[in-house]
Colleague: 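Below is a structure I'd like to ask you about.
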Amino acid sequence: MTVIRPRPLTGKLPGRTRSTWRRPVAPEGLEEAVRHPGRPWSHSYLLRLRITDTAIILAAIGAAFVVRFGPDDVATNVSGFPVPYLAISLLIAVAWSIALSAGHTRDARVCGMGLAEYRRVASASALTFGALAIVFLVGKVDIARGYFVLALPVGAVALLGSRWMWRRWLMAQRRYDHYLSRAIVVGDPDDVGYVAEQIRAKSGAAYQVVGVAVDDPERQDVTAGGEKLPVVGGLGDVTEAASRLGADTVIVAGQPRGGSRYIRTLGWALEGTATDLVLASRLTDVAGPRIHFRPVEGLPLIHVEIPQFEGGKHVLKRMLDVVVAAIALVILALPMLIVALLIRIDSPGPALFRQERVGRNGSTFTMLKFRSMVVDAESRLAALAAEDQGNGVLFKMKADPRVTRVGRIIRKFSIDELPQLWNVLVGDMSLVGPRPPLRREVNQYESHVHRRLYIKPGLTGMWQVNGRSDLSWEESVRLDLYYVENWSLTGDLVILWRTVRVLLHPTGAY
């Protein structure tokens with residue numbers, strides 16, 4: 001979604017045939033929000049961030065000062081004049097704090113959004129110390145490198161950790177509908193329903209849809225994800241409805257009647273209020289890093305990068321796979337041996353289960369797993385077909401009689417997947433990627449689903465951290481295709497971290 005802050009109004013608003021555009025007058029209790037634009041909930045939250053950031057910066061610089069110099073106040077040389085390190089430390093602290101503000105790290109639109117917020121914090125911190133290093137060099141400030149180098153990583157890590165904890169707190173609050181921006185969704189009923197449903201399904205969206213405005217103001221409601229949203233007016237009543245409901249945001253879904261002229265007029269009408277204007281793009285399953293804005297005067301262009309399936313970042317992905325898989329195999333060698341012994345004791349047959357799977361570009365490989373079923377599980381599959389609880393393509397059964405006692409435990413916590421680390425090490429699989437399919441599944445793929453095979457299958461992936469066996473086939477495909485086209489090393493690390501959390505609190509594993 002693209003957030004647009006309405007620009008100052010110049011000239012008269014274009015009229016319209018049905019009624020007259022009016023600048024909204026804030027109802028009682030909203031005057032303060034109008035005088036101070038922005039989400040009303042954000043003021044207290046952003047103040048907490050500011051206080052926490054300041055405390056961390058002072059603590060990091062203070063710790064570096066004590067470790068490097070001890071309690072004595074040491075002076076440094078600045079162009080031949082002695083200047084206390086304490087003064088230099090305060091300068092660094094002030095510059096760091098200013099950089100965090102100038103880098104919009106505490107912007108209400110990115111707070112709680114995860115990677116975007118962390119990236120801004122890291123960039124602002126790196127920029128601060130890079131700029132100060134140049135200033136100190138030019139000004140011939142004799143700064144101790146040990147002190148200078150120590151403060152940055154300690155402070156940056158602490159800042160990122162603090163933002164992560166605040167984000168966890170914010171997400172917990174939003175589960176109870178706290179700290180959400182009140183939004184009105186505008187447009188065609190189908191577009192409005194789709195956007196509202198996506199907002200409702202994504203906890204990180206940070207919006208609470210309080211009403212919708214559609215072409216037909218006589219319509220009573222719009223259904224989104226099983227929930228009926230009230231229609232608060234027609235397209236010409238949006239500003240009045242936003243004022244009446246105390247909405248922080250107006251979201252334009254798709255292309256409403258009137259097109260760009262309507263959006264421009266709506267932006268004019270919202271000028272001077274505390275309400276943001278957001279455009280919901282029709283681009284689906286395209287991650288933010290692939291989208292770039294190329295403004296041409298009077299014509300904002302959106303450039304969407306085409307996915308690349310070769311190149312340098314794939315080499316880096318392979319390096320990450322090798323390093324992590326090798327280390328994990330060494331660390332987990334003894335626990336895996338114990339699991340293998342328990343499997344052999346629990347039921348007759350080998351500890352490992354080998355199965356042909358389809359890898360990148362349709363090539364096949366032998367995937368390894370700890371055996372969690374009886375040895376004749378494949379031959380007994382046909383007899384259980386009528387009790388299939390899967391998604392139409394994958395066979396799943398919550399109380400599958402073929403699963404052994406040890407198998408139920410290792411399947412619940414995905415311990416049966418650990419031998420696939422060997423597949424990762426030898427290059428058949430990747431740490432993160434689409435789920436490795438069977439040949440019979442691939443034979444049932446629609447043409448577009450074959451895009452799942454453009455990269456190596458993964459030990460974990462979007463499917464692993466978003467419900468696993470509880471997902472429908474369509475949702476599983478959508479998640480895999482989204483990953484194929486939008487993956488990044490940073491995203492892989494996030495998925496690996498989320499996988500650890502899912503393993504500790506398993507869902508959809510049976």
Colleague: Any donor and acceptor pair, going by atom type alone, linking the side chain of Thr128 with main-chain N or O of Ala124 inside 3.5 Å?
Modeller: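 Indeed, once roles are kept as given, a pair shorter than 3.5 Å links the two residues.
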Colleague: Set out, in order, the CA-CA distance, both residues' side-chain angles and the distance that settles side-chain contact (heavy atoms from CB on, under 4.5 Å) for Glu485 and Arg451, then state yes or no.
Modeller: CA-CA 9 Å; Glu485 297 184 355; Arg451 295 180 65 84; 3.1 Å; yes
Colleague: Rounded at 0.5 Å granularity, tell me how far CG in Leu160 sits from CE in Met165.
Modeller: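 The distance works out to 11.0 Å.
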Colleague: Taking atom types as modelled, is there a side-chain donor on Glu441 or Gln444 under 3.5 Å from an acceptor on the other?
Modeller: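 There is no such pair (donor and acceptor under 3.5 Å, judged by atom type) between the side chains of Glu441 and Gln444.
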Colleague: Check Leu58 against Ala93 and note the closest heavy-atom contact, atom names and distance.
Modeller: CD2-CB, 4.0 Å
Colleague: Kindly say whether Glu475 contributes a backbone atom to a donor-acceptor pair with the side chain of Trp463 at under 3.5 angstrom?
Modeller: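 A pair under 3.5 Å: no.
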Colleague: Taking the side chain as C-beta and beyond, is there a heavy-atom pair between Leu159 and Arg163 under 4.5 Å?
Modeller: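 SC-SC contact between Leu159 and Arg163 ruled out.
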Colleague: Without swapping roles, check the side chain of Ser162 against the backbone of Ala158 for a donor-acceptor pair under 3.5 Å.
Modeller: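 Answer holds: no.
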Colleague: Is the backbone of Trp487 close enough, under 3.5 Å, to the side chain of Lys313 for a donor and an acceptor to pair up by distance?
Modeller: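 Pair found, side chain donor or acceptor close to backbone of Trp487.
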Colleague: Judged by atom type as modelled, is there a donor-acceptor pair below 3.5 Å linking the side chain of Ser430 to the main-chain atoms of Gly433?
Modeller: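 Looks like no, no N/O pair under 3.5 Å.
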Colleague: Decide yes or no for Lys456 and Arg360: does some side-chain heavy atom of the first lie under 4.5 Å from some side-chain heavy atom of the second?
Modeller: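 Of all side-chain heavy-atom pairs linking Arg360 with Lys456, at least one is under 4.5 Å.
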Colleague: With heavy-atom distances below 4.5 Å as the criterion, would you say the side chains of Gln208 and Ser181 are in contact?
Modeller: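 Side-chain contact under 4.5 Å: no.
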Colleague: What are the two closest non-hydrogen atoms of Ala241 and Val232, and how far apart are they?
Modeller: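 What the structure gives for the nearest pair is CB-CG2, 3.7 Å.
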Colleague: For a 4.5 angstrom cut-off between non-hydrogen side-chain atoms, does Leu493 reach Ile495?
Modeller: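 Result no, sub-4.5 Å side-chain heavy-atom pair not found.
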Colleague: Decide yes or no for Ile56 and Thr52: does some side-chain heavy atom of the first lie under 4.5 Å from some side-chain heavy atom of the second?
Modeller: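 Of all side-chain heavy-atom pairs linking Thr52 with Ile56, at least one is under 4.5 Å.
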Colleague: Any non-hydrogen side-chain atom of Tyr118 less than 4.5 Å from a side-chain atom of Arg167?
Modeller: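 Yes, their side chains come closer than 4.5 Å.
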Colleague: Starting at CG of Leu245, measure out to OG1 of Thr275 and round the result to the nearest 0.5 Å.
Modeller: 10.5 Å
Colleague: Going by atom types alone, do Tyr445 and Arg452 pair a side-chain donor with an acceptor below 3.5 Å?
Modeller: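 The criterion, which ignores hydrogens and geometry beyond distance, is satisfied for Arg452 and Tyr445.
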Colleague: As a quick check of understanding, evaluate side-chain contact (heavy atoms from CB on, under 4.5 Å) for His450 and Leu453, giving each step before the final call.
Modeller: CA-CA 6 Å; His450 283 86; Leu453 307 178; 4.3 Å; yes
Colleague: Give a yes or no on whether the backbone of Asp188 and the side-chain of Asp191 come within a donor-acceptor separation of less than 3.5 Å.
Modeller: no
Colleague: Supply the atom-to-atom distance Trp166 CH2 to Glu117 CD, rounded to the nearest 0.5 angstrom.
Modeller: 11.5 Å
Colleague: Restricting to non-hydrogen atoms, name the atom on Leu150 and the atom on Ala64 that form the minimum distance, rounded to 0.1 Å.
Modeller: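 Minimum heavy-atom contact is CD2-CA, 3.7 Å.
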Colleague: Measuring from Leu100:CG to Thr54:OG1, what's the distance to the nearest 0.5 Å?
Modeller: 8.5 Å
Colleague: Classify the side-chain pair Ser101/Arg106 by whether it contains a donor and acceptor separated by less than 3.5 Å.
Modeller: yes
Colleague: Is it the case that the side chain of Ser125 and the backbone of Val121 share a donor-acceptor pair, with hydrogens and angles ignored and the cut-off at 3.5 Å?
Modeller: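 Between the backbone of Val121 and the side chain of Ser125 there is a qualifying donor-acceptor contact (under 3.5 Å).
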Colleague: Does Asp492 pair with Lys317 as a salt bridge, N-O distance under 4.0 Å?
Modeller: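 Between Lys317 and Asp492 there is a salt bridge, with a charged N closer than 4.0 Å to a carboxylate O.
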Colleague: How far apart are the closest heavy atoms of Ile184 and Ala213, and which atoms are they?
Modeller: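 It is CG2-N, 4.3 Å.
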Colleague: What verdict does the side-chain contact (heavy atoms from CB on, under 4.5 Å) test give for Val186 and Val192, after you've listed the backbone C-alpha separation in whole Å, the side-chain angles of each residue and the deciding distance to 0.1 Å?
Modeller: CA-CA 6 Å; Val186 182; Val192 165; 5.7 Å; no
Colleague: Among Leu91, Leu127, Ile61, which residue satisfies the side-chain contact (heavy atoms from CB on, under 4.5 Å) criterion with Trp96?
Modeller: Ile61
Colleague: Does any part of the side chain of Ile251, heavy atoms only, come nearer than 4.5 Å to the side chain of Ile199, both counted from C-beta?
Modeller: yes
Colleague: Is it true that a side-chain atom of Tyr483 and a backbone atom of Val432 form a donor plus acceptor pair closer than 3.5 Å?
Modeller: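 A pair under 3.5 Å: yes.
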Colleague: Roughly how far, to the nearest 0.5 Å, is CZ of Arg478 from CE of Met462?
Modeller: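 Taking CE in Met462 and CZ in Arg478, the distance rounds to 7.0 Å.
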Colleague: Using atom types as modelled and distance alone, determine if a side-chain donor or acceptor of Thr499 lies under 3.5 Å from a backbone N or O of Gln464.
Modeller: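 No, Thr499 side chain to Gln464 backbone: no donor-acceptor pair under 3.5 Å.
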Colleague: Go through the steps for Val278 and Val250 under the test side-chain contact (heavy atoms from CB on, under 4.5 Å), then give the verdict.
Modeller: CA-CA 6 Å; Val278 174; Val250 171; over 6 Å; no
Colleague: Is atom CH2 of Trp497 surrounded by more than 12 heavy atoms (other residues, nucleotides or ligands) closer than 6.0 Å?
Modeller: no
Colleague: In Å and rounded to the nearest 0.5 Å, what is the CG to CG distance from Asp321 to Leu431?
Modeller: 4.5 Å
Colleague: Do Leu279 and Ile263 come within less than 4.5 Å of each other through their side chains, counting heavy atoms only?
Modeller: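 Leu279 vs Ile263: side chains touch.
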Colleague: Looking at every non-hydrogen atom in both residues, tell me the closest pair between Pro457 and Gly359 and how far apart they are.
Modeller: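 It is CD-CA, 3.8 Å.
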Colleague: Where do Pro437 and Val442 come nearest, in terms of heavy atoms and distance?
Modeller: CG-CG2, 3.8 Å
Colleague: With a cut-off of 6.0 Å (strictly less than), are more than 12 heavy atoms of other residues, nucleotides or ligands near CZ of Arg50?
Modeller: no
